[in-house]
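Any value given below was found using the heavy atoms of this structure, including those in side chains, with hydrogens, waters and symmetry copies removed.
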Amino acid sequence: MATSATTLSSLSFFSSSLFLSSPSAKLSTSLSFSFKPSSNPSLSISSQLSTLPILSFTGEKIGETYLDLKSAPPETARAVVHRAIITDLQNKRRGTASTLTRGEVRGGGKKPYPQKKTGRARRGSTRTPLRPGGGVIFGPKPRDWSVKINKKEKRLAISTALSSAAENTIVVEDFGDKFEKPKTKEFIEALKRWGLDPKQKSMFLMMEVPETVNKSSRNIGTLRMLTPRTLNLFDILNCDNLVLTPDTVDYLNGRYGEDYEGDTEDDNEEYEEEEEQSGEDENGDAAQ
């Protein structure tokens with residue numbers, strides 16, 4: 001039977017400049033997406049260099065790094081990101097909703113009463129859709145909702161979203177060994193030292209998530225802890241703050257940067273794993 005549909009009302013990118021009719025329009029939101037106009041309008045892909053602060057575990061600024069990612073120009077950024085997010089959400093639908101027609105409902109083989117001389121409307125079955133217990137007219141049937149998107153287009157959408165979120169992005173030194181044992185209270189204190197509000201949505205992108213960090217953060221409902229294998233466009237657009245580590249900055253510059261050479265066999269395998277992992281993570285929240 002049909003399951004509940006995924007709620008999209010909390011998705012913050014609907015109020016971002018990516019999805020405004022005019023690129024110059026501004027909204028007073030916690031996460032603003034902005035793009036630098038391209039000097040050459042003929043280029044379809046540009047590169048944006050963003051400087052990010054590096055914070056220590058105690059919250060002190062210890063340096064700076066850069067994030068140099070490919071991004072679509074403002075004229076096409078909205079369409080690219082919109083197509084990618086719709087593709088992701090639609091591919092998560094299991095399509096298992098099913099109903100029975102009047103021919104599939106059990107029973108109803110006997111004519112309920114004679115055709116004539118009763119004064120009632122003629123009826124040939126008790127399983128007609130007009131009566132309780134009957135079939136369903138034009139009800140849903142199992143179907144495949146999946147749609148395809150080019151790998152380069154999806155990668156461009158992710159890099160564009162990451163570039164636009166650079167204003168609300170910080171880099172924190174590797175803190176995997178800072179937690180001796182799982183403690184949610186200590187993790188919340190660390191968030192406050194980094195200038196993050198625990199009530200706002202934050203996404204952490206780490207190469208590997210230690211067990212102590214995972215257990216310390218999993219009770220915080222507004223926090224998402226991701227790795228490159230589970231990185232997805234929905235969580236990037238849905239978060240108010242993005243937290244990276246120096247290793248993930250190097251990974252993003254290599255994977256989504258201007259110097260990326262192209263797909264290899266390893267990249268193809270990683271792309272397939274990301275698609276499978278994305279479907280498994282949202283399997284319980286799938287909409288029919």
Run the side chain to side chain contact (heavy atoms under 4.5 Å, CB included) check on Leu242 and Asn168 step by step: do they pass? CA-CA 6 Å; Leu242 181 61; Asn168 297 67; over 6 Å; no

Can you tell me which residue among Asn238, Asn241, Asp235, Thr222 is in a side chain to side chain donor-acceptor pair (under 3.5 Å) with Lys201?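 Testing Lys201 for a side chain to side chain donor-acceptor pair (under 3.5 Å) against Asn238, Asn241, Asp235, Thr222 leaves exactly one candidate, Asn238.
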
Taking all non-hydrogen atoms of both residues, which atom of [X] and which atom of [Y] are closest, and how far apart?
X	Y	value
Gly257	Lys70	O-CE, 3.3 Å
Pro182	Lys215	CB-CB, 3.6 Å
Asn91	Ser146	OD1-CA, 3.0 Å
Ser216	Lys181	OG-O, 4.1 Å

Are any of the side-chain heavy atoms of Arg131 and Arg123 separated by less than 4.5 Å?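 Side chain of Arg131 against side chain of Arg123, heavy atoms only: contact under 4.5 Å found.
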
Does any non-hydrogen side-chain atom of Pro142 lie less than 4.5 Å from one of Thr96?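 Not in contact.
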
Between Leu252 and Leu205, does the side chain to side chain contact (heavy atoms under 4.5 Å, CB included) criterion hold? Intermediate values first, please. CA-CA 10 Å; Leu252 293 176; Leu205 181 60; 4.0 Å; yes

Run through Leu156, Asp68, Ile158, Thr160 and flag the one making a side-chain contact (heavy atoms from CB on, under 4.5 Å) with Tyr256.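 For Tyr256, the side-chain contact (heavy atoms from CB on, under 4.5 Å) check succeeds only for Ile158.
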
Stepwise side chain to side chain contact (heavy atoms under 4.5 Å, CB included) test for Leu231 and Ile236: CA-CA 8 Å; Leu231 179 63; Ile236 297 175; 3.8 Å; yes

Which ring-ring contact (aromatic ring centres under 6.0 Å, His included) pairs, counting each pair once, include a residue from residues 93-138, with sequence neighbours left out?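 Pairs touching residues 93-138 that pass the test: none.
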
Sorted by first residue and then second, give each ring-ring contact (aromatic ring centres under 6.0 Å, His included) pair with at least one member in residues 195-219; sequence neighbours left out.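 Every pair satisfying ring-ring contact (aromatic ring centres under 6.0 Å, His included) with a residue in residues 195-219: Phe187-Phe204.
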
Using side chain to side chain contact (heavy atoms under 4.5 Å, CB included), reason through Leu67 and Asn253 one step at a time and then give a plain yes or no. CA-CA 6 Å; Leu67 195 63; Asn253 288 332; 3.6 Å; yes

Holding to side-chain hydrogen bond (donor to acceptor under 3.5 Å, both in side chains), I want the full list of residues that pass it with Glu153, two or more places apart in sequence or in another chain.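 If we apply the side-chain hydrogen bond (donor to acceptor under 3.5 Å, both in side chains) test to Glu153, skipping adjacent residues, the hits are Arg83.
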
Rounded to the nearest 0.5 Å, how far apart are CG of Asp88 and CG of Leu233?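 One gets 6.0 Å once the value is rounded to the nearest 0.5 Å.
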
Going by distance alone, is a donor N or O of one side chain under 3.5 Å from an acceptor N or O of the other, for Thr245 and Thr248?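 The answer is yes; a qualifying pair exists.
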
Decide if atom NZ of Lys192 counts as having more than 12 heavy atoms of other residues, nucleotides or ligands within a radius under 6.0 Å.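 Incorrect, the count does not exceed 12.
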
Does Lys111 have more than 12 heavy atoms from other residues, nucleotides or ligands lying within 6.0 Å of its NZ?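 Yes, enclosed.
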
Are [Y] and [X] co-members of a hydrophobic cluster defined by side-chain heavy atoms under 4.5 Å apart?
X	Y	answer
Leu162	Ile170	no
Tyr251	Val249	yes
Met207	Leu55	no

I'd like to check the side chain to side chain contact (heavy atoms under 4.5 Å, CB included) partners of Pro246; sequence neighbours left out, ordered by chain and number.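 Side chain to side chain contact (heavy atoms under 4.5 Å, CB included) check on Pro246 returns Val171.
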
Residues clustered with Leu100, ILVMFWY side-chain links under 4.5 angstrom: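 Result for Leu100 is Val105.
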
Kindly list each side-chain donor-acceptor pair under 3.5 angstrom involving residues 172-180, sequence neighbours excluded, with atom names and distances?
unit_1	atom_1	unit_2	atom_2	d
Glu173	OE2	Phe57	N	2.9
Asp174	OD1	Gly176	N	3.3

